[in-house]
Amino acid sequence: MDRKRFWLIIAVSSFCVIRAWSQSDAQFNQYFSVLGYYNPAYAGTAGGLNVSGMYNLQWLGMKNAPKTMVLTADMPWKYGKSTHGLGVAVYNETLGLDKNMYTSLQYAFRKKIGKGMLSIGLQAGLVNMAFDGAGIYIPDDEDETHQSPESDEAMTTAQADAMGLDLSAGLFFSTEKYYIGLASTHLLEPKLELDENMDRKINRGYNLTAGYNIQLKNPLLELQPSVFVQSNLQMVSADVTLRAVYNKRYNGGIGGRVSDNGKMSAAILYFGMTLKGFRVGYAYEFPVSALIRTSAGSHELMATYRLNIEKPKGNRNRHKSVRIL
């Protein structure tokens, strides 16, 4: 498949998936390093045992700004002549008085097709949402003194939480040169009742991930363009990234985020390094919207460790996954 045909598929897929989104799933700048969080079909794709962690400190300068962490792990698994993938994903977010946590297990059935590998993945887990009502602060309109919310019977004044079942599914196809994935998260759209006066609904989400490896004339240089789109069929957000890799060890690049109104909402810088199975990365997100008046941007750190768990039996008919930094 040539590059023109590849990007035509991306455009068509984006049109089908995107109509819009609401952020029920975290929006990591280094999405390409935690694809398993967004798509369970990614499990087992990279080969070996892979453990990745990501921490995002969002909107510096704003009080009670979001803090988000995700941990993913996956590995291939062979049973007879069939190939599978197993994975786990843990997500934790603190946003003001809200705390959200997801814990899930992943399974992928993988089938070699031509020069690539097609994966069909399912994910099942639990989602827990909590609200700290004791932290509510209501200032008086005149002297800004603290007033107790206890007089309002509809307002929760204590710790409230609820748990529910969460399911996701996806497709992922990868070759040595490119990858493309489609997934739907929160299929059951769980509605959690924290107490009699408060509930939370998680909207079903859709996402598209795609990337391409371009080997330049200089054998030490490689370009890796990628796109990431999220939607809930009401709003949409899209990330476009271009990174350069030197000597398969150092990488850096730029990216931009486009919001539902078609305008760029953030500019992103990427830096990373690979050394003996370890990969580390850093991303700085600079807002170019009205948010710049109150925030100096967001910081994001990533670390990945990859351990080979099986020895290749010769090179014949051996499939290699696209290298995703």
Side-chain angles (χ1 to χ4, degrees), residues 6-42 54 56 58 66 68 70 72 89 91 93 95 100 102 104 106 119-125 127 129 164 166-174 178-192 200-212 225-242 255-268 283 285 287-289 291 298 300 324:
F6 170 77
W7 289 112
L8 176 61
I9 292 176
I10 299 304
V12 173
S13 300
S14 300
F15 180 79
C16 294
V17 173
I18 306 167
R19 286 236 213 55
W21 89 301
S22 159
Q23 191 167 344
S24 55
D25 292 312
Q27 195 168 31
F28 289 107
N29 297 316
Q30 299 172 90
Y31 55 88
F32 41 82
S33 292
V34 285
L35 291 177
Y37 166 70
Y38 297 104
N39 191 336
Y42 179 76
M54 190 91 73
N56 184 286
Q58 198 169 1
T68 310
V70 67
T72 64
Y91 166 78
E93 176 188 51
L95 174 58
N100 306 318
Y102 299 73
S104 57
Q106 302 170 333
S119 298
I120 303 174
L122 295 174
Q123 174 177 296
V127 53
M129 290 188 165
D166 193 37
L167 299 177
S168 301
L171 299 172
F172 197 89
F173 183 76
S174 64
Y178 69 89
Y179 67 90
I180 181 170
L182 292 171
S184 179
T185 59
H186 316 301
L187 292 172
L188 301 180
E189 295 190 302
K191 185 176 181 179
L192 308 182
R200 294 279 194 273
K201 181 181 179 181
I202 305 176
N203 294 327
R204 183 179 298 119
Y206 304 90
N207 66 68
L208 162 73
T209 55
Y212 204 106
S226 59
V227 295
F228 174 52
V229 180
Q230 292 191 85
S231 170
N232 73 344
L233 304 185
Q234 294 178 6
M235 299 177 63
V236 66
S237 176
D239 283 30
V240 179
T241 306
L242 178 62
R257 178 168 300 128
V258 180
S259 58
D260 187 56
N261 58 12
K263 295 182 179 180
M264 186 173 176
S265 60
I268 307 168
E285 175 190 332
V288 294
S289 62
L291 189 62
S298 304
E300 185 178 274
I324 304 168

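Note that these values count all heavy atoms, side chains included, but never hydrogens, waters or copies made by symmetry. It should be emphasised that the depicted structure is a prediction, and the values quoted were computed from it without experimental measurement.
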Self-check item: Trace of the side-chain contact (heavy atoms from CB on, under 4.5 Å) decision for Phe228 with Phe28
Solution: CA-CA 10 Å; Phe228 174 52; Phe28 289 107; over 6 Å; no
Quiz prompt | Counterpart residues, salt bridge (Lys or Arg N to Asp or Glu O under 4.0 Å), relative to Asp166 (two or more places apart) | solution = none
Quiz prompt | Pro40 versus Gln123, closest heavy-atom pair with distance | solution = CB-CB, 3.7 Å
Practice problem: Applying side-chain contact (heavy atoms from CB on, under 4.5 Å), run through Tyr102 and Val70 and close with a yes or a no. | Solution: CA-CA 9 Å; Tyr102 299 73; Val70 67; over 6 Å; no
Self-check item: Heavy-atom closest contact (Arg204 atom, Leu187 atom, distance)
Solution: NH2-O, 2.7 Å
Quiz item: Between Ala89 and Thr72, what is the shortest heavy-atom contact and its length?
Solution: CB-CG2, 4.2 Å
Practice problem: Identify the heavy atoms of Gly36 and Gln106 that sit nearest to each other, and give their distance. | Solution: O-NE2, 2.7 Å
Quiz prompt | Closest approach of Tyr31 to Ser226 (non-hydrogen atoms, all atoms of both residues) | solution = OH-OG, 2.8 Å
Quiz item: Looking only at heavy atoms, which two atoms of Ala266 and Met264 are closest? And how far apart?
Solution: O-CE, 3.2 Å
Quiz item: Would you say the side-chain atoms of Tyr37 pair up with the backbone N or O of Ala26, donor to acceptor, closer than 3.5 Å?
Solution: yes
Quiz item: With distance as the sole test, does Gln58 use its side chain to make a donor-acceptor pair with the main-chain N or O of Ser298 at under 3.5 Å?
Solution: no
Quiz item: Side chain of Ser184, backbone of Gly205: donor and acceptor closer than 3.5 Å?
Solution: yes
Exercise. Please determine which of Phe32, Phe173, Phe172, Tyr212 meets the ring pair (Phe, Tyr, Trp, His ring centres under 6.0 Å) test together with Tyr179.
Key: Phe172
Quiz item: Checking side chain to side chain donor-acceptor pair (under 3.5 Å) for the pair Asn56/Glu300: CA distance, chi angles, key distance, verdict?
Solution: CA-CA 4 Å; Asn56 184 286; Glu300 185 178 274; 2.9 Å; yes
